[in-house]
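Worksheet: one structure, shown below.
As the structure is a computational prediction, the values presented were derived from the model and not from experiment.
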Amino acid sequence: MLPLSFCFVPVNRILLTLLVLMVCLILHSKLFRASHRPKHTGSFTEIKRDPGHEPDIALEKPSNIIPVVICASEERIGGTMATINSIHSNTDASVLFYIVTLREAVKLTRQYIEKTKLKGIKYKILEFNPMVLKGKVKPDSSRPDLLHPLNFVRFYLPMLDINHKRIIYLDDDVIVQGDIQELYRTKLAPGHAAAFATDCDLPSTHEVVRSVGMQPVSQTTYMGFLDYRKQVVRDLGINPSDCSFNPGVFVADMAEWKKQKITKQLEKWMQENFKENLYSSAMAGGVATPPMLIVFHDKYTTIDPLWHVRHLGWSPDARYSETFLQEAHLLHWNGRFKPWDYPCVHLDLWEKWFIPDPNGRFSLIRPK
């Protein structure tokens, strides 16, 4: 008869083998679930930054970061980089740039940053899926540039999933001469999801409008953006002489934006225009401005007018006084005449922040 201790040896080995098999099965199950986890299917897909940037942001509290959302289209990317450079150079604050672009421009955007003086900025690149606009935007041959998918990114801010209480949104034809912290600290009134600059705020704006042969009422009021011949527009009850605002620069309260379902409201008016043509890009603000004007009518806080001095791109001839421009905290070349093209006014104020494209694909158009 075998000793009792000898009988337990194979049993112990069997138990040990089973234990090892169980551990292997558990590990395999976890790895399988991780590899088959559903991918993000929203309108934005985050493109991870280079590892060298991650520690800076990870060590900071979200409350210490100023998030700035700006778009980078392939054909206007030099404008985006000039805007970023002007912001970064004029503040000591910790700015985190959320750069939104289309898939084909992701690599170009990263290279523009990493191969230039901007490589020290904190940033994330986000990819916008233009399919979210299907059935909401009609082609329009008069101003095709205003129908670029990135013009509508401002409608979908909650889908960025950036986890900040408030953000700053800027167009790519902007130069910031002041400290961006001042704009970020704009105090929004209770219940307001955003702060804009009203088009009636600066007498200088009216002078510029008149100098290019336009009536201020057509460019600074709702009459210049909505087609009041349409019953749907009249039913809004908005006085056509009410002051409009420019949505190329604004501060947004993300909690209020989500609470009020601003994105859903904006999409509704995009779809209404798709069906009835309530406004068109032949009018003052294209098709991206009118939905904002409707949804935020009488529901926004006004920002300091010096934080949005605009219409620099309306005419190649109309100019602001140099003294006034030096006092301005933010300059906006909204209009057809962009500072990277020619002709355009006040080019020196933009070119001082321009960074040449290291890939040579974006270049300035200047007279020979």
(message) In this structure, is the centre-to-centre distance between the rings of His297 and Tyr222 below 6.0 Å?
(response) yes
(request) Sorted by first residue and then second, give each side chain to side chain donor-acceptor pair (under 3.5 Å) pair with at least one member in residues 70-82; sequence neighbours left out. (result) Glu74-Arg361, Glu75-His148, Arg76-Asp172
(message) Any non-hydrogen side-chain atom of Arg310 less than 4.5 Å from a side-chain atom of Asp199?
(response) yes
(request) Report yes if some heavy atom in the side chain of Met292 is under 4.5 Å from a heavy atom in the side chain of Phe196; otherwise report no. (result) yes
(request) With sequence neighbours left out, write down each residue that passes salt bridge (charged side-chain N to carboxylate O under 4.0 Å, His left out) with Arg234, or none if nothing qualifies. (result) none
(message) With no hydrogens and no angle check, just 3.5 Å: does a side-chain donor-acceptor pair link Asp304 and His329?
(response) no
(message) Just checking Phe225 against Tyr279, ring centres under 6.0 Å apart?
(response) no
(message) Check for me whether the distance between the ring centres of Tyr320 and Phe324 falls short of 6.0 Å.
(response) yes
(message) If you count every heavy atom of other residues, nucleotides or ligands that lies below 6.0 Å from Tyr228 atom OH, does the total exceed 12?
(response) yes
(request) Determine, for Lys136 against Glu267, whether the closest basic-nitrogen to carboxylate-oxygen distance falls under 4.0 angstrom. (result) yes
(request) Please work out which of the three classes, parallel, tilted or perpendicular, describes the rings of Phe128 and Tyr156, given edges at 30° and 60°. (result) tilted
(request) Please collect all disulfide bond (SG atoms under 2.5 Å apart) contacts where either partner lies in residues 231-276, sequence neighbours excluded, each pair once. (result) Cys200-Cys243
(request) Classify the side-chain pair Trp257/Thr263 by whether it contains a donor and acceptor separated by less than 3.5 Å. (result) yes
(message) For a quick check under 3.5 Å, do His192 and Asp253 share a side-chain donor-acceptor pair by atom type?
(response) no
(message) Closer than 4.0 angstrom, basic N to acidic O: yes or no for Glu322 and Arg319?
(response) yes
(request) Indicate yes or no: does Arg154 engage Asp171 in a salt bridge with an N to O separation below 4.0 Å. (result) yes
(request) Before accepting this row, confirm whether a basic side-chain N of the pair Glu114/Lys119 lies closer than 4.0 Å to the acidic partner's carboxylate O. (result) no
(message) A quick test of your reading: do over 12 heavy atoms of other residues, nucleotides or ligands sit less than 6.0 Å from CG of Asp92?
(response) no
(request) Classify the side-chain pair Gln111/Asn359 by whether it contains a donor and acceptor separated by less than 3.5 Å. (result) yes
(message) Aromatic contact between Phe337 and Trp333, with the criterion being ring centroids under 6.0 Å apart: yes or no?
(response) no
